[in-house]
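Written below as structure tokens is the structure these notes are about.
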Amino acid sequence: MPDAASKTTSDLIVERLLEWGVDTCFGICGDTVNGFFEALRTHPEMRFVHVRHEEYAALAAVGYAKFTGRPAACVAASGPGALHLMNGLMDGRVDQAPVIAITGMAYHDLVGTHFLQDVDNARVLDPACAFSERVMGPAHAVSVTDRAVRAALYQRSPVHLTIPIDVQSWTCEQDTVSEKNVPGHTSTARQLHVQVPPEAELRHAADLLNSCERVAVIAGAGARFGAGPLVEEIAQALGAPIAKAGLGKDAVPDDHPLCVGGFGFIGGRAAHWAFENCDGLLIVGSSSPFYDFWPEPGQARAVQIDDRGDRIGLRYPVEVGLCGDARATLQGLLPLIAPREDRSFADQARQVFADWWGLQRKRAAEPGAPMKPQAVTCALSEVLPDRAILTTDAGTTTSWASRVLLRRGMEFSFSGTLCTMGSAVPYAVGAQVAHPDRPVVAVVGDGALAMCMGELATIAQHGLPITVVVMRNDTLGLEIWEQNAYLGNPQYGCALSPVDFAAVAGACGLAAYSAQDPGEVREVLEHALAFDGPALVECVVDPYEPPYGETVKPSQVAKVLKAYARGEPDREEMAANFLAPGRPELSPGVAQHANEFSKYL
């Protein structure tokens, strides 16, 4: 470590980040950021993880934050490097993940002169960051780093510091200090901000919920990190089924007797049944964009808990908004709830869940190759080790992986609101670096993995024991179903040329496995999970199995049928899967149009 007199701007920033507890950095070196890399070299306590693309450096940092609540750093050169960070940082911004981004910049006296890679990174990355600033020198380094880290923690958002290449290596002797910049005027003192609504509002909320007969609970991302057990307690007191937004999947275990699974386009039937029949709604930390699947406006009296006041009432016309930390607010609300003995509403919802899960098992056991995607879902539900961390990607895999049954102690996440393809693998990298003692599994589609195949080399280079499960169907599967159901259009531009992902993984240094028959997938997954090192399992699955078979609405089915009438090339196979035994009984949309589907068999 450099002595005090010779410390550079970069040294001071790295050391201050370490004081804040930020000890992991993902990134790629480059000419405009190599001065900062010298500080990384001389401070080995800052772990550096070399990725293959800057976007995945940012996404790995987001994954690290999602599974720890703490920020990691990501670093890139100016120009294309910083621009590549943008999508990953925006992913963290919309999903509220703290990240510290560091970028290089042109020489301080050539900024704005059309020099090589001369991009104003502070302005370009500002929309994705709660704080974005240029570092002016060693005298500026510590205070601006403190400001950035505080913004990341308090606002749960990425932040950004950009440093001109020459400034990165300046020492204190080369800098000038204004008389207003008093040395040591900032600190790393932390303050945990826990907001609790007023007692009167808690009582108002309790009175409303106590007055309802059939309450449903929604658990979102805000129910993670300690609030989940209180969600379970308050649902138990209310006799309420618990439905989960995608980002709240790990807040409550799937085997909890009140859990009815996910909702929305990627969800299951049971949560929607609960929403269709409830007269009360408690929303805990969710602003899910699938609010069109929530109860009809005015159907249910609603209470919403969120620590972001501007999100209360965003998705549903709630009567009581409780602006506060989910855990602290539930602790205040729970004693005011009158426990009820009637569990009939929750029991009925849970029975629908059991019926729906039974259908998933039937589809999983359907013989033939390629296997149904549910075969992978059901097998993972049985073989995932305790305390596993599961990540998934944007696409049909979002639906299939969201159905994996999680036990207590397991964690899950995906790119929830931005829906970034290629996020599952870098999320898994971040998760494994943060939790080296836990099993980490990434479930990814072939379209998404094709975007980030280079990160298989990252996994191998760092010896990260991640298991990548790629569900290969040689299509951009979700786009087929969305083109059909959202627009009534036949598929176009969705076909993918086949990639032998097992061969690619083997070439990168991973153990590689393949499965395409439902009778072999469990055993193959068990072998991969037992392997002492990084592994990939290529699962070839049926592209015609609808990921929204039980959630599609009658109006959306009408558009699907319109697409068929207009020449959807795979309509026969698709229609047969829509009418698979047991599906119409659990899908009002399919049941309403069953006769029209049968015309294509």
Side-chain angles (χ1 to χ4, degrees), residues 1-2 7-78 81-82 84-86 88-89 91-92 97-105 121 125 128-129 131-132 135 141-142 144-146 148-149 151-153 157-163 165 168-169 188 425-436 454-455 458-459 461-464:
M1 183 178 292
K7 286 183 179 178
T8 66
T9 304
S10 300
D11 291 328
L12 293 168
I13 290 173
V14 170
E15 290 173 15
R16 198 59 164 183
L17 289 174
L18 287 167
E19 288 183 56
W20 277 103
V22 180
D23 61 3
T24 302
C25 182
F26 304 89
I28 305 177
C29 57
D31 57 348
T32 59
V33 78
N34 281 335
F36 187 80
F37 268 75
E38 173 62 10
L40 293 177
R41 184 187 72 83
T42 57
H43 293 79
E45 59 269 46
M46 175 69 75
R47 179 177 183 180
F48 176 66
V49 180
H50 182 189
V51 301
R52 294 305 192 274
H53 192 289
E54 294 89 350
E55 178 180 352
Y56 304 119
L59 286 169
V62 172
Y64 184 103
K66 282 191 169 189
F67 292 107
T68 64
R70 306 189 311 274
C74 57
V75 60
S78 187
H84 284 160
L85 288 178
M86 182 70 170
L89 296 177
D91 187 81
V99 172
I100 316 295
I102 308 288
T103 63
M105 203 172 182
N121 300 329
L125 297 184
C129 298
F131 179 82
S132 184
V135 181
V142 172
V144 76
T145 300
D146 286 350
V149 176
L153 293 171
S157 171
V159 296
H160 169 233
L161 298 175
T162 188
I163 322 168
I165 177 59
Q168 292 168 30
S169 301
T188 58
V425 170
Y427 271 18
V429 169
Q432 190 73 82
V433 169
H435 298 288
E455 298 316 306
T458 297
I459 292 171
Q461 177 173 337
H462 293 280
L464 300 174

Checklist entry - For the atom pair CG (Leu59) and CG (Leu89), what is the distance rounded to the nearest 0.5 Å? => result 8.5 Å
Checklist entry - Is there a side-chain contact between Asp91 and Tyr427 (heavy atoms, below 4.5 Å)? => result yes
Checklist entry - Counting distance only, does the side-chain N/O of His435 pair as donor-acceptor with the main-chain N or O of Phe67 below 3.5 Å? => result yes
Checklist entry - Do Phe36 and Ile102 come within less than 4.5 Å of each other through their side chains, counting heavy atoms only? => result yes
Item to check | Val22 side chain near Leu18 side chain, heavy-atom distance below 4.5 Å | outcome: no
Next on the checklist: Can you see whether Thr8 engages Ser169 through a side-chain donor-acceptor pair at a distance of less than 3.5 angstrom?
Outcome noted: no
Next on the checklist: Once salt bridge (Lys or Arg N to Asp or Glu O under 4.0 Å) is applied, what residue pairs with a partner in residues 53-77 remain, sequence neighbours excluded?
Outcome noted: Lys66-Asp95
Checklist entry - Is there a donor-acceptor contact under 3.5 Å from the side chain of Thr32 to the main chain of Ser78? => result yes
Item to check | salt bridge (Lys or Arg N to Asp or Glu O under 4.0 Å) contacts in which one or both residues fall within residues 18-34, not counting sequence neighbours | outcome: Arg16-Glu19
Checklist entry - Looking only at heavy atoms, what is the nearest atom pair of Ile13 and Thr145, with distance? => result CG1-OG1, 3.6 Å
Checklist entry - Is the ring centre of Phe48 less than 6.0 Å from the ring centre of Phe37? => result yes
Checklist entry - Between the side chain of Gln168 and the main-chain N/O of Ser10, is any donor-acceptor distance below 3.5 Å? => result no
Next on the checklist: Can you confirm whether Val51 sits close enough to Glu455 that some side-chain heavy atom of one is under 4.5 Å from a side-chain heavy atom of the other?
Outcome noted: yes
Checklist entry - Is a side-chain donor or acceptor of Ser132 paired with a backbone partner of Cys129 at a separation under 3.5 angstrom? => result no
Item to check | 4.5 Å side-chain heavy-atom contact, Asn121 and His160 | outcome: yes
Next on the checklist: Minimum heavy-atom separation for Ala76 and Ala82, please, with both atom names.
Outcome noted: CB-N, 4.1 Å
Checklist entry - Do any N or O atoms from the side chain of His462 and from the backbone of His50 form a donor-acceptor pair under 3.5 angstrom? => result yes
Checklist entry - Mind checking whether Ile100 and Trp20 have side chains closer than 4.5 Å, heavy atoms only? => result no
Checklist outcome for this item: All heavy atoms of Gly92 vs all of Pro158, minimum pair found to be C-CD, 3.6 Å
Checklist entry - Within a strict 4.5 Å, meaning less than it, do heavy atoms of the Met46 and Thr24 side chains meet? => result no
Next on the checklist: Nearest 0.5 angstrom please: Ile28 CD1 to His53 NE2, how far?
Outcome noted: 7.5 Å
Item to check | Residue pair Thr162, Val135: steps toward the side-chain contact (heavy atoms from CB on, under 4.5 Å) verdict | outcome: CA-CA 6 Å; Thr162 188; Val135 181; over 6 Å; no
Checklist entry - Is there a side-chain contact between Asp11 and His43 (heavy atoms, below 4.5 Å)? => result yes
Checklist outcome for this item: Minimal heavy-atom distance between Ala73 and Ala61, with the atoms involved, is O-CB, 4.2 Å
Item to check | Passing candidate, side chain to side chain contact (heavy atoms under 4.5 Å, CB included) with Phe26, options Val433, Thr458, Val75 | outcome: Val433
Checklist entry - In Å and rounded to the nearest 0.5 Å, what is the CD1 to CZ distance from Ile459 to Arg52? => result 10.5 Å
Checklist outcome for this item: In terms of heavy-atom contacts, Ser157 and Ala128 come closest through OG-O, 4.5 Å
Item to check | Heavy-atom closest contact (Leu85 atom, Cys74 atom, distance) | outcome: CD2-SG, 4.1 Å
Checklist entry - Can you tell which of Val62, Val159, Leu153, Val99 makes a side chain to side chain contact (heavy atoms under 4.5 Å, CB included) with Pro71? => result Leu153
